[in-house]
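Values below: every heavy atom of this structure, side chains too, minus hydrogens, waters and symmetry copies.
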Amino acid sequence: MGNAALRDIAVIDDVPFEDIEGVVAVDAHNWLYRYLTTTVKWTSSGKYTTTDGTEVANLLGIVQGVPKFFENDIVPVMVFDGGPSELKSDEIESRREQRQTYEDQLEVAREEGDQVAIAQLESRTQRLTETIQETSRELFERLDVPVVEAPAEGEAQAAHMVRRGDADYVGSEDYDALLFGSPLTLRQLTSKGDPELMDLDATLAHHDLTLEQLIDAAILIGTDFNEGVRGIGPKTALKAIGEHGDMWSVLEARGESVEYGDRVRQLFREPNVTDDYEFETSLEPDIEAARAYVVDEWGVDADEVERGFERIEESAVQSGLDRWT
Amino acid sequence: MFKAIVSAETLTSTLDSISVLVDECKIHLEEEGLEIRAVDPANVGMVDLSLDAAAFESYEADGGLIGVDLSRLEDIAGMAESGQLIQFELDEETRKLHIQIDGLEYTLALIDPDSIRQEPDIPDLDLPAEVVLEGKDLNRSVTAADMVSDHIALGVDETDEFFYVNAEGDTDDVHLELTRDDLIDLQVGPARSLFSLDYLKDMNKAIPSDTEVTLALGEEFPIKMYFGFAEGDGQVTYMLAPRIQSD
């Protein structure tokens, strides 16, 4: 998921939840994926599988994950991926292949009754099925959590929304958010502790780079959309960009090439995004409808989601004393 | 006119009670003693403090108003050793406060009171439940709740007649019940409200553990906490707005 090598470049600080205010444009696939992997790892499948065998672990994940936003007076806006960018289909294809391997291994693990292996593999074989895509949107609707449909990458759309001032942060684990120009990105929103804040301006200032140069450096290292140049890691990339100015000059000097380099660059510089979205920021979740959807309609174990719904119900906003004067 | 001598402890307790909410405040120099009222910028927490003339070694005032930078004044108070006396004299002409601590003279420039946030109106609260407990029990509750959550629920169970504290985190919970036997006094009434621990923690810092604290509570209502200091010649009332469910 994204380019972990960018972590060595990015300026990242822990930030307490209480210090976060406003709207977070969440990369919905990325966020859901996190919950799917953890839910499936720690919860027995019977709790989130319908009688006909459809897995809806996403519903459990959403009910666990949404309260955190409500409790901290943060408005989440879920940005769903549109069709994959043409270039990304290679990676998706290879993820699919990898999943097939995992599924074969899972079969073996199940036959052998190796619980640890099963848990590990189950978490990796999770995917956003049609059902998951659809039921997630349905549940968000009942929880009054706004959903925005991105034309392509959710992350790019989320970054675009922050740049336009309609959201305050991008929520994504993916370091690529930086390349899409996300000014402030919150990572680890799904984790127990404090989130991390990745700051674009601080990153550029720290390395004395422009965003274009950062994108070029990332392409040299390798992104979701291209293989990097062998032997170029974060340090070398930064140094080379600093010396030669841009990606092409670096490649020329080293006698290397990057396949589709131009198009990858274009994809980050001018991602396919839209201004055609709107959402409300005062949320009024319909807990009863959400509970009915998850428990009655999809047969998720009521006990498993009770806590999450309670937390949403009880999530409260700070009042002012002037209310009583 | 303002001339007073006060012990370092009394001054420090006074300043600490206020500085948990604001950086600057107005001090009313009344004939009967000092009065301070302040609210934090978000209008969530309020303090109302009075320090009677009897709390001072000597006290003379005629109703003036000064504005002070609390951290500056706290630093000065910190120069005094425990048991030492601090002497104040206001120079009306220069609007400066002369402070003396055992030969040390400090001239403090005051802040224009008009530049300090307006003093709040005190909310008119009719709170049905009242809990009187030792500061250390409140301390303990707040510390435990803070380990698991950012919020704390305080309430009174009317049927079984106890005061309770609840905090729910992502994974861990804290629950504490104090019955009549554990409390100094309990007046039962419908009460349950949720509060931000950020504020409560700060207020709690100013509450001595060996002090008797009275909590007045309602349902989704602000909490009022009052306690005495300076051997009863000083009184602090905190008010904290609840977190309420959006509707």
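For a heavy-atom cut-off of 4.5 Å, chain A lies close to no residue in residues 12-27 of chain B. Listed in order of number, the residues of residues 111-132 of chain B that approach chain A to under 4.5 Å between heavy atoms are B/Asp121, B/Ile122, B/Pro123, B/Asp124, B/Leu125.
At least one donor-acceptor pair under 3.5 Å links the side chain of A/Ser319 to the backbone N or O of B/Pro242. No donor-acceptor pair under 3.5 Å is formed between the side chain of A/Arg311 and the backbone N or O of B/Glu168.
Here the straight-line distance linking atom OG1 of A/Thr325 with atom CE of B/Met239 works out to 11.0 Å at 0.5 Å rounding. Separation of atoms CZ (A/Arg323) and CD (B/Glu220) is listed at 8.0 Å; rounding is to 0.5 Å.
Of the two parts of A/Gln64, neither the backbone nor the side chain holds a non-hydrogen atom closer than 4.5 Å to a non-hydrogen atom of chain B. Residue B/Phe195: no heavy atom, backbone or side chain, is found under 4.5 Å from chain A.
Environment of CD in B/Glu177: crowded, with over 12 heavy atoms of neighbouring residues, nucleotides or ligands closer than 6.0 Å. Residue B/Arg140 places its CZ atom among 12 or fewer non-hydrogen atoms of other residues, nucleotides or ligands, all under 6.0 Å distant.
Taking 4.5 Å as the limit, some side-chain heavy atom of B/Asp150 sits within range of a side-chain heavy atom of A/Asn72.
Looking at every heavy atom in both residues, B/Ala241 comes nearest to A/Gly320 through CB-C, 3.8 Å. Of all the heavy atoms in B/Asp173 and A/Arg307, the pair that sits closest is OD1-NH2, 2.9 Å.
For the options B/Asn43, B/Leu240, B/Leu194, heavy-atom pairs under 4.5 Å to chain A are most numerous at B/Asn43.
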